[in-house]
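Everything on this sheet refers to the single structure shown next.
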Protein chains: 2
Amino acid sequence: MNRPASSAEPVEASEDLDAIVEAIVFLYTESRRVTKGLAGRYGLTGPQLAVIKMLEPVGKLSLSELSWKIRARNSTVTGIIDRMEREGWVERRRSEDDRRVVHIALTARGKRLASSITIEPVTLFRRVLAELSERDARELSRILTRLARRVRELVVDLPEEGT
Amino acid sequence: MNRPASSAEPVEASEDLDAIVEAIVFLYTESRRVTKGLAGRYGLTGPQLAVIKMLEPVGKLSLSELSWKIRARNSTVTGIIDRMEREGWVERRRSEDDRRVVHIALTARGKRLASSITIEPVTLFRRVLAELSERDARELSRILTRLARRVRELVVDLPEEGT
DNA sequence: GGGGGATATTTCGTGTACGAAGTATTACGC
DNA sequence: GCGTAATACTTCGTACACGAAATATCCCCC
């Protein structure tokens, strides 16, 4: 019941597949855990740290831009910004150009906090990646990018698979 | 503090690193999204589908075993089981051997549901992986496993980095 | 064999995370 | 210009997800 549906050659490197899935899950969840711990030192949560680091270089972003950058939905980010505004790290400003848009900007307190945080949220992850040999980095990038593209293709025509 | 520990050559293949991070995030989140959509067809959430698929082959598991398998904390799984019990898919049974332990088992209704679900939660992911050439699968497995091990090492002595 | 520590689970409080529905504003078609 | 669609954001309800504290039970050792 595990035979591959589409590829002709038999894939018996099943341990490889398991290892890949496990490694990806591990890398992702572990990087989130580390980010959370890091953020905690500054009284922040993981997403809140991400928001601050996104805002620091550019000054302000619309809520939608922020949502896109941290890969969350508007309704999620609304809540995150609510809590950050409550703590006085950011403030909302209605855009003059388009009154539907809300700009999120760091307050003075938020800026001080941002500049006191030296580590990027993804540091650990990237540090480890940077240790890869150039060849391995290239290989990994090539294969993962191909995988992602393939997933994207498959997801478009979602497998309508009734029972 | 960013100098690579093991590789001598400077890593300027920064686009590769970006691509890798992005691909991993994409693959992980997309696989969750697909799982969620799949589970939704059966009136389940992603984690609930995972629980049902874990229970199906073995009959019952303690809450802790379940937590370990789906990589969540006990307090999280308690909630998931609460909701699944409310819907009549699983039931709790106090262990006879050790009265601290709670066994989670599929009900008749849960078993019917489980057997009607043909797709594994990770199917899409694995299908794409299975399309890799054997060489690429081996390479990917090798590199990711090394990355994961390295992250594990680094996380142990967490970077005590005051301000 | 009784007390203290370890273990399994639950409860509680907080913070994401999402989709659906609602509100306000802008853009478009004619 | 006016109605309608599109866009930006918020609100609401539900479901994770986690850590800390509480509870129940077991284990060990004196």
Side-chain angles (χ1 to χ4, degrees), chain A residues 25 28-52 60-87 89-104 121, chain B residues 25 28-30 32-51 60-87 89-104 121:
Chain A
V25 170
Y28 181 88
T29 55
E30 198 58 22
S31 107
R32 279 218 333 192
R33 198 178 74 78
V34 169
T35 298
K36 184 180 179 180
L38 179 62
R41 299 186 204 161
Y42 302 95
L44 294 168
T45 65
Q48 289 172 0
L49 174 55
V51 165
I52 284 192
K60 70 179 180 186
L61 287 171
S62 77
L63 190 132
S64 294
E65 288 167 338
L66 217 40
S67 304
W68 190 86
K69 275 175 178 287
I70 70 173
R71 294 165 209 280
R73 303 296 169 159
N74 284 350
S75 56
T76 300
V77 177
T78 291
I80 295 172
I81 298 302
D82 282 348
R83 288 178 288 271
M84 294 183 73
E85 205 173 15
R86 196 178 67 205
E87 299 297 324
W89 287 315
V90 298
E91 61 184 7
R92 284 177 163 94
R93 288 196 213 116
R94 210 95 217 180
S95 165
E96 294 301 326
D97 302 338
D98 183 339
R99 303 213 26 87
R100 290 171 302 182
V101 173
V102 170
H103 289 306
I104 318 293
Chain B
V25 170
Y28 180 87
T29 55
E30 199 58 22
R32 279 219 331 194
R33 199 178 73 78
V34 169
T35 299
K36 184 180 178 180
L38 178 61
R41 299 186 203 162
Y42 302 96
L44 295 168
T45 65
Q48 288 172 2
L49 175 54
V51 166
K60 70 179 179 187
L61 287 171
S62 77
L63 190 129
S64 294
E65 288 167 338
L66 215 40
S67 303
W68 190 85
K69 275 176 179 284
I70 69 173
R71 292 165 211 278
R73 304 293 169 164
N74 285 348
S75 56
T76 300
V77 177
T78 292
I80 294 172
I81 299 302
D82 282 348
R83 289 179 286 272
M84 294 183 71
E85 205 173 16
R86 195 178 67 205
E87 298 298 325
W89 286 314
V90 299
E91 60 184 8
R92 285 176 163 94
R93 286 197 214 115
R94 210 93 216 180
S95 164
E96 295 300 326
D97 304 339
D98 183 339
R99 305 219 18 94
R100 293 170 301 180
V101 172
V102 171
H103 288 307
I104 317 294

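On a predicted model such as this, the values are computed, not experimentally measured, just so you know. Convention: sequence-line order gives letters A, B, ...; per-chain numbering from 1.
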pair B:Lys69-B:Leu61: side-chain heavy atoms closer than 4.5 Å: yes
Find the distance B:Arg83:CZ to D:dA15:P and express it as a whole number of Å. 6 Å
Heavy atoms, side chains only, cut-off 4.5 Å: are B:Leu66 and B:Ile81 in contact? yes
Check: A:Val25 and B:Arg71 side chains under 4.5 Å, non-hydrogen atoms: yes
Atom pair distance, as rounded to whole Å: CD in B:Glu96 and C1' in D:dT25: 14 Å
Students often get this wrong, so: under 4.0 angstrom with heavy atoms, is A:Arg94 touching a base, only sugar-phosphate, or nothing? nothing
Checking C:dT16, D:dC16, D:dA8 against the side chain of B:Pro47 (C-beta onward), the nearest is D:dC16
Would you mind telling me which residue lines up with the more 5' stretch of DNA chain D, A:Gly79 or B:Glu87, judged by nearest nucleotide? A:Gly79
In terms of side-chain heavy atoms of B:Arg99, which of C:dT10, C:dA17, D:dT25 is nearest? D:dT25
Establish, with yes or no, whether the OP1 or OP2 oxygen of D:dT10 is under 4.0 angstrom from a side-chain nitrogen or oxygen of A:Thr78. yes
Interatomic distance, B:Asp98 CG vs D:dT23 P [rounded to whole Å]: 20 Å
Side chains of B:Leu44 and B:Glu87: closer than 4.5 Å at any heavy-atom pair? no
Take atom CZ in A:Arg92; do more than 12 heavy atoms of anything else shown fall under 6.0 Å from it? yes
Starting at atom NE2 of B:His103, determine the distance to atom P of C:dT10, rounded to an integer number of angstrom. 13 Å
Return whichever of A:Gly46 or B:Arg92 has its heavy-atom-nearest nucleotide of DNA chain C closer to the 5' end. B:Arg92
Could you state the NZ-C1' distance from B:Lys36 to D:dA17, rounded to the nearest angstrom? 14 Å
Can you find a donor-acceptor pair, distance only, under 3.5 Å between B:Arg100 side chain and C:dT9 base? no
Using whole Å, what does the distance between atom C1' of nucleotide C:dT16 and atom CG of A:Leu49 come to? 15 Å
What contact category does B:Arg86 fall into here, base, sugar-phosphate, or nothing, at under 4.0 angstrom with non-hydrogen atoms? sugar-phosphate
First of A:Asp97 and A:Arg73 reached from the 5' end of DNA chain C, by closest nucleotide: A:Arg73
Residue B:Ser75, side-chain atoms from C-beta onward, closest of D:dG19, C:dT16, D:dA17: D:dG19
Which is true for B:Asn74 with a 4.0 Å heavy-atom rule: it touches a base, it touches only sugar-phosphate, or it touches nothing? base
Whole angstroms only, please: what is the CZ-C1' distance between A:Arg32 and C:dA17? 9 Å
When we call it a touch if two heavy atoms are under 4.0 Å apart, what does B:Thr45 touch: a base, just sugar-phosphate, or nothing? sugar-phosphate
A:Ile70 CD1 - C:dT16 P separation (whole Å): 9 Å
